Amino acid sequence: MTITSPSLGSPSVWTDTRLLCALEEVVEKELDRHLKVAKDWMPHEYVPWGDGRNFPGFFEDGEVWEKGQSKVTEIGRTALVVNLLTEDNLPSYHHEIATLFGRDGAWGTWVHRWTAEEGRHGIVMRDYLLASRAVDPDKLEQFRMAHMSEGFESDNRHSMLHSVAYVSFQELATRISHRNTGHQSGDPVCDRMLARIATDENLHMVFYRNLLKAAFEIAPDVTMQAVRDVVVNFRMPGHGIPGFERAAAQMAIGEVYNLRIHHDEVLQPVLRFLKIMDIDGLGPDGRRAQEELGLFLGGLDAEAAKFDEKLAARKARMATRIDA
């Protein structure tokens, strides 16, 4: 159902400012709900400090990092670096959403709360990686400098509504990536830490997903177009990380994040919650966006099926080699 208001205008003239005002009460409600269910936690409690020792540099007893010191698997190291470097760009993410959503009222309170909670993720991950010697610390810092020096600009920075649609999927994608990284890491300490982070990411997803649902109720046509654009052009925020394409391929094969996971565990849960294909009362632009979204999802599922076949064939070859 489309809701209009004389003070907010009609669906054909929805602007970012009008949408921000129209959704303010929803943001306040979702913020209150979030603060009631979110639990504070201490990053330092998840770090194996007893495993730590000095690195070379200013310390005479410093020990050079070697791969054999790491407790995590090869795919675990790759995914951990990608996940941490993604978290490292928090200053850019904060700047972008603060610019789009504002720093006042319920929107501003949410922006700062979200940033504070996300800050824990980078803190605990870096402390874990260094204390446990999970990855090469020199390369990690070199990657961080290169990645952050490039800055970050979202594909959806032009539109508040596109940004809300994007983070509804991206927060869930990040949760899935962290959880699967923990499962594949081979280290129970790492798995426990990433499970804690994933819990935060899920709560963030719920906030944005509920906000997106409310946007459909007041401005269904433009919201449908935003969701279509975001789903069709979706990229993870870490795509600018040095060597990202190679790392993404390794993570796909390692079943941390791939097309099947993206389709089944990220896109579909959010779209089912929104009942996206059942929304009616749309105008011509909204209906076209809905149809295009359905066609894209069908094509993506077909691509995922091809990937599944290739991955199964690869596993069969690897099993044959092991048995030989």
Side-chain angles (χ1 to χ4, degrees), residues 72-87 89 121 125 134-135 143 147 154-156 165-187 190-191 193-195 197-199 201-202 204-205 209 227-273 276 293-322:
V72 301
T73 61
E74 189 73 32
I75 185 59
R77 283 193 294 274
T78 297
L80 280 163
V81 170
V82 170
N83 291 354
L84 175 55
L85 292 178
T86 300
E87 299 286 355
N89 252 336
H121 304 169
M125 289 181 69
V135 302
F143 283 148
H147 185 41
S154 168
D155 297 330
N156 304 288
Y166 175 73
V167 291
S168 298
F169 297 103
Q170 180 266 320
E171 292 283 4
L172 182 53
T174 304
R175 169 204 166 194
I176 296 297
S177 180
H178 282 313
R179 277 312 278 127
N180 288 343
T181 297
H183 294 330
Q184 301 287 357
S185 70
D187 180 9
C190 179
D191 192 23
M193 171 194 67
L194 292 177
I197 293 174
T199 299
E201 303 290 9
N202 194 64
H204 297 164
M205 178 276 293
R209 183 198 64 183
V227 170
R228 176 212 45 204
D229 294 344
V230 164
V231 170
V232 169
N233 301 296
F234 186 87
R235 295 195 295 174
M236 289 292 276
H239 60 78
I241 293 171
F244 178 77
E245 295 300 328
R246 182 171 182 272
Q250 293 173 332
M251 291 168 68
I253 293 172
E255 299 183 85
V256 172
Y257 201 92
N258 55 40
L259 276 179
R260 175 52 64 200
I261 293 170
H262 181 62
H263 178 275
D264 291 0
E265 301 181 38
V266 177
L267 297 183
Q268 289 295 344
V270 175
L271 296 175
R272 279 197 302 269
F273 174 84
I276 201 89
L293 181 60
L295 290 171
F296 175 81
L297 290 170
L300 185 65
D301 189 36
E303 288 184 45
K306 293 178 181 177
F307 174 82
D308 291 341
E309 292 175 2
K310 292 179 180 178
L311 184 60
R314 184 180 187 277
K315 288 181 178 180
R317 290 195 301 271
M318 296 295 291
T320 301
R321 292 175 186 173
I322 294 173

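Side chains included, hydrogens not; waters and symmetry mates left out as well; all remaining heavy atoms used. A quick note: this is a predicted structure, and the numbers were derived from the prediction, not measured.
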Nearest 0.5 angstrom please: [X] [atom1] to [Y] [atom2], how far?
{"X": "R209", "Y": "N202", "atom1": "CZ", "atom2": "CG", "result": "8.0 Å"}
{"X": "L267", "Y": "L172", "atom1": "CG", "atom2": "CG", "result": "9.0 Å"}
{"X": "E171", "Y": "I176", "atom1": "CD", "atom2": "CD1", "result": "12.5 Å"}
{"X": "M251", "Y": "I261", "atom1": "CE", "atom2": "CD1", "result": "9.0 Å"}
{"X": "C190", "Y": "M125", "atom1": "SG", "atom2": "CE", "result": "7.5 Å"}
{"X": "L259", "Y": "K310", "atom1": "CG", "atom2": "NZ", "result": "10.0 Å"}

How far apart are the closest heavy atoms of [X] and [Y], and which atoms are they?
{"X": "N83", "Y": "S177", "answer": "OD1-OG, 3.2 Å"}
{"X": "T78", "Y": "A247", "answer": "CG2-CB, 3.8 Å"}
{"X": "V266", "Y": "A173", "answer": "CG2-CA, 3.8 Å"}
{"X": "D155", "Y": "R235", "answer": "OD1-NH2, 2.8 Å"}
{"X": "I253", "Y": "F307", "answer": "N-CZ, 4.5 Å"}
{"X": "A165", "Y": "V230", "answer": "CB-CG2, 3.9 Å"}

| Check: H204 and V167 side chains under 4.5 Å, non-hydrogen atoms |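 Not touching, per the 4.5 Å side-chain cut-off.
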| message | Is the shortest side-chain heavy-atom distance between V231 and L300 below 4.5 Å? | response | no
| task | Run the numbers on E265 and R179 for side-chain contact (heavy atoms from CB on, under 4.5 Å), then give the verdict. | result | CA-CA 12 Å; E265 301 181 38; R179 277 312 278 127; over 6 Å; no
| query | Within the side chain of T86, is there an N or O that forms a donor-acceptor pair under 3.5 Å with the backbone of V82? | reply | yes
| message | Does N233 form a side-chain contact (heavy atoms from CB on, under 4.5 Å) with N156? I'd like the steps, not just the answer. | response | CA-CA 10 Å; N233 301 296; N156 304 288; over 6 Å; no
| CA sep, side-chain torsions, deciding dist, call: T174, Q170, side chain to side chain donor-acceptor pair (under 3.5 Å) | CA-CA 6 Å; T174 304; Q170 180 266 320; 2.7 Å; yes
| said: Over 60° means perpendicular and under 30° means parallel, so tell me whether Y257 and H262 are parallel, tilted or perpendicular. | reply: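 Y257 vs H262 ring planes: tilted.
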| said: Assess the residue pair L84 and V135 against the criterion (side-chain contact (heavy atoms from CB on, under 4.5 Å)); give the C-alpha distance rounded to whole Å, side-chain angles, the decisive distance to 0.1 Å, and a yes or no. | reply: CA-CA 11 Å; L84 175 55; V135 302; over 6 Å; no
| request: Have a look at E255 and tell me which of K315, H183, R260 forms a side-chain hydrogen bond (donor to acceptor under 3.5 Å, both in side chains) with it. | output: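 Of all the options given, the one that passes is K315.
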